[in-house]
> 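My structure is below; once you've seen it, I'll send some questions.
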Amino acid sequence: MTDTPRRGRPGYDRTQALDAAVAVFNEQGYDGTSIAALAEKLGVTKSALYHHFDSKEAILAEALSVALDGLDDVIAAAEAAPGSALDRLTHAITGAVRLLVREKASVTLLLRVRGNSATERAALERRRDFDARVAALVSEAQAAGSVRSDVDARTAARLLFGTVNSVVEWYRGDDPDGLARDVVAIGLDGLRVR
(Lines give C-alpha, C1' and ligand atoms only; values in the text may rest on other atoms or scores of the structure.)
Protein backbone atom coordinates (compact mmCIF):
# COMPACT_ATOMS: atom_id res chain seq x y z
CA MET A 1 0.00 0.00 0.00
CA THR A 2 1.39 3.42 -0.90
CA ASP A 3 1.00 6.59 1.07
CA THR A 4 -1.53 8.93 -0.44
CA PRO A 5 -0.39 12.56 -0.28
CA ARG A 6 -2.45 14.70 2.07
CA ARG A 7 -4.62 17.27 0.41
CA GLY A 8 -5.07 20.79 1.61
CA ARG A 9 -3.02 22.63 4.21
CA PRO A 10 -0.91 20.74 6.69
CA GLY A 11 -2.51 20.52 10.10
CA TYR A 12 -0.65 21.27 13.29
CA ASP A 13 -1.67 20.58 16.82
CA ARG A 14 -0.42 22.96 19.53
CA THR A 15 2.72 20.94 20.29
CA GLN A 16 3.65 20.58 16.62
CA ALA A 17 3.05 24.29 16.03
CA LEU A 18 5.23 25.14 19.04
CA ASP A 19 8.03 22.83 17.89
CA ALA A 20 7.94 24.28 14.39
CA ALA A 21 7.89 27.86 15.71
CA VAL A 22 10.89 27.19 17.95
CA ALA A 23 12.78 25.81 14.96
CA VAL A 24 12.00 28.96 12.96
CA PHE A 25 12.95 31.24 15.89
CA ASN A 26 16.27 29.41 16.20
CA GLU A 27 16.87 29.64 12.46
CA GLN A 28 15.83 33.26 11.89
CA GLY A 29 15.98 34.76 15.38
CA TYR A 30 12.95 35.59 17.48
CA ASP A 31 13.10 39.32 16.76
CA GLY A 32 13.55 38.66 13.04
CA THR A 33 10.48 36.42 12.75
CA SER A 34 7.03 37.91 12.23
CA ILE A 35 3.80 35.99 12.82
CA ALA A 36 3.11 36.29 9.09
CA ALA A 37 6.50 34.79 8.22
CA LEU A 38 6.04 32.10 10.83
CA ALA A 39 2.60 31.16 9.46
CA GLU A 40 3.99 31.13 5.93
CA LYS A 41 6.90 28.91 6.94
CA LEU A 42 4.46 26.50 8.62
CA GLY A 43 2.14 26.57 5.62
CA VAL A 44 -0.83 27.80 7.63
CA THR A 45 -2.74 31.03 7.87
CA LYS A 46 -2.07 33.53 10.64
CA SER A 47 -5.54 32.80 12.00
CA ALA A 48 -4.70 29.09 12.19
CA LEU A 49 -1.60 29.97 14.22
CA TYR A 50 -3.64 32.32 16.42
CA HIS A 51 -5.99 29.39 17.04
CA HIS A 52 -3.19 27.88 19.15
CA PHE A 53 -1.44 30.98 20.52
CA ASP A 54 -2.52 34.53 21.38
CA SER A 55 0.67 36.13 20.07
CA LYS A 56 4.23 35.56 18.98
CA GLU A 57 5.33 36.39 22.51
CA ALA A 58 2.97 33.71 23.87
CA ILE A 59 4.76 31.19 21.65
CA LEU A 60 8.10 32.41 22.99
CA ALA A 61 6.89 32.21 26.60
CA GLU A 62 5.70 28.64 26.20
CA ALA A 63 8.87 27.57 24.40
CA LEU A 64 11.07 29.13 27.06
CA SER A 65 9.04 27.57 29.85
CA VAL A 66 9.88 24.11 28.47
CA ALA A 67 13.58 24.82 29.06
CA LEU A 68 13.16 26.85 32.25
CA ASP A 69 10.76 24.43 33.92
CA GLY A 70 13.19 21.64 33.06
CA LEU A 71 16.08 23.55 34.65
CA ASP A 72 13.96 24.24 37.73
CA ASP A 73 13.25 20.51 38.01
CA VAL A 74 16.95 19.68 37.57
CA ILE A 75 18.15 22.04 40.29
CA ALA A 76 15.35 21.11 42.71
CA ALA A 77 16.17 17.41 42.27
CA ALA A 78 19.88 18.12 42.77
CA GLU A 79 19.26 20.14 45.92
CA ALA A 80 17.07 17.35 47.34
CA ALA A 81 19.37 14.49 46.30
CA PRO A 82 21.01 12.44 49.03
CA GLY A 83 24.75 12.40 49.43
CA SER A 84 27.47 14.98 49.63
CA ALA A 85 27.47 18.49 48.22
CA LEU A 86 29.72 17.22 45.43
CA ASP A 87 27.16 14.48 44.68
CA ARG A 88 24.41 17.12 44.44
CA LEU A 89 26.55 19.28 42.14
CA THR A 90 27.23 16.23 39.97
CA HIS A 91 23.48 15.54 39.94
CA ALA A 92 22.81 19.10 38.72
CA ILE A 93 25.36 18.87 35.91
CA THR A 94 24.13 15.44 34.82
CA GLY A 95 20.50 16.52 34.86
CA ALA A 96 21.25 19.68 32.89
CA VAL A 97 23.14 17.75 30.20
CA ARG A 98 20.27 15.29 29.83
CA LEU A 99 17.79 18.18 29.61
CA LEU A 100 19.84 19.95 26.96
CA VAL A 101 20.00 16.82 24.82
CA ARG A 102 16.28 16.09 25.28
CA GLU A 103 15.02 19.68 24.78
CA LYS A 104 17.78 21.01 22.54
CA ALA A 105 15.61 23.38 20.49
CA SER A 106 13.95 25.07 23.49
CA VAL A 107 17.23 25.32 25.40
CA THR A 108 18.93 26.79 22.33
CA LEU A 109 16.21 29.41 22.17
CA LEU A 110 16.64 30.15 25.89
CA LEU A 111 20.39 30.60 25.47
CA ARG A 112 19.77 33.17 22.72
CA VAL A 113 17.39 35.34 24.75
CA ARG A 114 18.73 38.88 25.20
CA GLY A 115 16.07 40.64 27.27
CA ASN A 116 14.31 42.60 24.54
CA SER A 117 10.81 41.92 25.89
CA ALA A 118 9.10 41.28 29.20
CA THR A 119 9.04 37.56 28.43
CA GLU A 120 12.76 37.54 27.70
CA ARG A 121 13.57 39.53 30.84
CA ALA A 122 11.54 37.10 32.95
CA ALA A 123 13.41 34.19 31.35
CA LEU A 124 16.76 35.83 32.10
CA GLU A 125 15.70 36.32 35.72
CA ARG A 126 14.86 32.63 36.01
CA ARG A 127 18.25 31.75 34.47
CA ARG A 128 19.99 33.98 37.03
CA ASP A 129 18.12 32.17 39.81
CA PHE A 130 19.30 28.84 38.41
CA ASP A 131 22.88 30.12 38.22
CA ALA A 132 22.70 31.30 41.85
CA ARG A 133 21.42 27.92 43.00
CA VAL A 134 24.24 26.13 41.17
CA ALA A 135 26.76 28.54 42.73
CA ALA A 136 25.27 27.66 46.12
CA LEU A 137 25.95 23.98 45.41
CA VAL A 138 29.54 24.84 44.49
CA SER A 139 29.85 26.83 47.76
CA GLU A 140 28.53 23.87 49.74
CA ALA A 141 31.06 21.56 48.07
CA GLN A 142 33.80 24.10 48.87
CA ALA A 143 32.71 24.28 52.51
CA ALA A 144 32.76 20.48 52.67
CA GLY A 145 36.31 20.47 51.32
CA SER A 146 35.34 18.57 48.15
CA VAL A 147 36.20 21.31 45.65
CA ARG A 148 38.82 24.01 45.60
CA SER A 149 38.01 27.07 47.65
CA ASP A 150 40.49 29.30 45.80
CA VAL A 151 38.04 29.61 42.88
CA ASP A 152 35.01 31.89 43.21
CA ALA A 153 31.88 29.71 43.44
CA ARG A 154 29.93 31.89 41.00
CA THR A 155 32.77 31.80 38.49
CA ALA A 156 33.08 28.03 38.82
CA ALA A 157 29.33 27.60 38.34
CA ARG A 158 29.30 29.83 35.26
CA LEU A 159 32.27 28.02 33.72
CA LEU A 160 30.76 24.59 34.42
CA PHE A 161 27.45 25.57 32.90
CA GLY A 162 29.12 27.38 30.02
CA THR A 163 30.49 23.96 29.13
CA VAL A 164 27.09 22.34 29.63
CA ASN A 165 25.36 25.01 27.53
CA SER A 166 27.85 24.55 24.70
CA VAL A 167 26.34 21.10 24.16
CA VAL A 168 23.49 22.63 22.14
CA GLU A 169 25.98 23.88 19.55
CA TRP A 170 27.93 20.73 18.81
CA TYR A 171 26.47 17.53 20.27
CA ARG A 172 24.83 15.25 17.71
CA GLY A 173 25.10 11.94 19.55
CA ASP A 174 22.54 9.69 21.16
CA ASP A 175 24.16 8.91 24.52
CA PRO A 176 23.21 11.69 26.96
CA ASP A 177 24.35 9.62 29.94
CA GLY A 178 27.81 9.11 28.45
CA LEU A 179 28.00 12.77 27.56
CA ALA A 180 26.97 13.73 31.10
CA ARG A 181 29.71 11.48 32.55
CA ASP A 182 32.28 13.13 30.28
CA VAL A 183 31.14 16.66 31.14
CA VAL A 184 31.24 15.86 34.87
CA ALA A 185 34.68 14.26 34.58
CA ILE A 186 36.19 17.14 32.66
CA GLY A 187 34.22 19.93 34.35
CA LEU A 188 34.81 18.86 37.93
CA ASP A 189 38.31 17.43 37.59
CA GLY A 190 39.96 20.86 37.82
CA LEU A 191 37.83 21.80 40.84
CA ARG A 192 38.37 18.68 42.95
CA VAL A 193 40.57 18.91 45.98
CA ARG A 194 43.44 16.44 45.68
> Under 4.5 Å between any side-chain heavy atoms of Glu103 and Asp69, yes or no?
no
> Quick one: pull up CG in Asp182 and CG in Asp175 and give me the separation to the nearest 0.5 Å.
8.5 Å
> With a 4.5 Å limit on heavy-atom distance, are the side chains of Phe25 and Ile59 in contact?
yes
> Measure the OG-CG distance between Ser139 and Asp152 for me, rounded to the nearest 0.5 Å.
8.0 Å
> Which one of Glu62, His51, His52 satisfies the side-chain hydrogen bond (donor to acceptor under 3.5 Å, both in side chains) criterion with Arg14?
Glu62
> Hey, quick one: are Val164 and Val66 part of the same hydrophobic cluster, counting side-chain heavy atoms closer than 4.5 Å, chains of contacts allowed?
no
> May I ask whether Phe53 and Ile35 are part of the same hydrophobic cluster, defined by side-chain heavy atoms of I, L, V, M, F, W, Y residues being less than 4.5 angstrom apart, directly or through others?
yes
> Does Arg154, at its CZ atom, have more than 12 non-hydrogen atoms belonging to other residues, nucleotides or ligands within less than 6.0 Å?
no
> Would you kindly confirm whether Val147 and Val184 end up in one hydrophobic cluster when ILVMFWY residues are joined by side chain heavy atoms under 4.5 Å apart?
yes
> Hey, are Arg88 and Glu79 close enough for a salt bridge, meaning a charged N less than 4.0 Å from a carboxylate O?
no
> Okay, side chain of Arg98, backbone of Pro176: is any donor-acceptor separation there less than 3.5 Å?
no
> Among the clusters formed by ILVMFWY side chains lying less than 4.5 Å apart, do Leu124 and Tyr30 turn up in the same one?
yes
> Do Val97 and Asp177 come within less than 4.5 Å of each other through their side chains, counting heavy atoms only?
no
> For Thr119, check side chain to side chain contact (heavy atoms under 4.5 Å, CB included) against everything at least two apart and list the hits.
Glu57, Leu60, Ala61, Leu64, Ser117
> Between Arg133 and Asp129, does at least one N-O distance fall below 4.0 Å, as a salt bridge requires?
yes
> Is the shortest distance from a Lys or Arg side-chain nitrogen in Arg114 or Glu120 to a carboxylate oxygen in the other one below 4.0 Å?
no
> Begin with the C-alpha distance, continue with both residues' side-chain angles, and end with the deciding distance and a verdict on side chain to side chain contact (heavy atoms under 4.5 Å, CB included) for Leu188 and Leu160.
CA-CA 8 Å; Leu188 290 182; Leu160 286 169; 4.0 Å; yes
> Counting C-beta onward and ignoring hydrogens, is there a side-chain heavy-atom pair between Leu111 and Arg127 closer than 4.5 Å?
yes
> Would you kindly confirm whether Leu38 and Tyr50 end up in one hydrophobic cluster when ILVMFWY residues are joined by side chain heavy atoms under 4.5 Å apart?
yes
> Decide whether Asp87 and Ser84 meet the rule of one side-chain donor and one side-chain acceptor closer than 3.5 Å.
yes
> Does atom CG of Asn116 have more than 12 heavy-atom neighbours from other groups under 6.0 Å away?
yes
> Do NZ/NE/NH1/NH2 and the carboxylate oxygens of Glu40 and Lys46 come within less than 4.0 Å?
no
> Measure the spacing between CG of Asn165 and CZ of Arg158 and express it to the nearest 0.5 Å.
9.0 Å
> Would you call Lys56 and Asp31 a salt bridge, taking side-chain N to carboxylate O under 4.0 Å as the test?
no
> What do the steps show when you test Phe161 against Ile93 for side chain to side chain contact (heavy atoms under 4.5 Å, CB included), and what is the final call?
CA-CA 8 Å; Phe161 276 82; Ile93 295 167; 4.1 Å; yes
